[in-house]
Amino acid sequence: MAREPLAAKLTSLTRHALEALLTFLFPGWYGPSAKYRPENHYMRGPGPKWRAKYLAEQALPARGANKL
């Protein structure tokens, strides 16, 4: 029974050392930059449906604009 705490401690130490090594070697995968960044996922600007609707309306001449 005396070996179980030693084995658990050795396993934990090995796991933490491996995590530190991976963080050092591959910071983009395991480091702080691996956190979710919502600014990379939101839509930036109007899409094709919006352009089709509103740009078509702008192309039409305004009523009464040609009357003088």
Side-chain angles (χ1 to χ4, degrees):
M1 289 300 250
R3 291 187 178 253
E4 289 180 11
L6 179 62
K9 189 171 250 187
L10 186 61
T11 303
S12 176
L13 183 62
T14 304
R15 182 174 53 89
H16 287 297
L18 183 61
E19 286 178 359
L21 180 66
L22 289 174
T23 302
F24 177 74
L25 293 176
F26 306 104
W29 292 339
Y30 297 101
S33 63
K35 294 180 180 176
Y36 174 70
R37 296 181 186 263
E39 66 270 12
N40 294 337
H41 298 280
Y42 72 89
M43 185 177 163
R44 299 179 182 180
K49 286 188 178 182
W50 184 90
R51 287 188 183 99
K53 179 178 179 182
Y54 289 100
L55 294 180
E57 288 178 3
Q58 288 180 352
L60 296 175
R63 292 185 189 177
N66 293 337
K67 295 181 182 178
L68 289 177

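Note that these values count all heavy atoms, side chains included, but never hydrogens, waters or copies made by symmetry.
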Fill in: Distance, nearest 0.5 Å, that separates OG1 of T11 from NE2 of H16
11.0 Å
Worksheet item: Is a donor on one side and an acceptor on the other found under 3.5 Å between the side chain of S12 and the backbone of A8?
Response: no
Worksheet item: Are F24 and L22 connected in the hydrophobic side-chain network, where two residues link if heavy atoms are under 4.5 Å apart?
Response: yes
Worksheet item: Going hydrophobic residue to hydrophobic residue with side-chain gaps under 4.5 angstrom, can you get from L6 over to L13?
Response: no
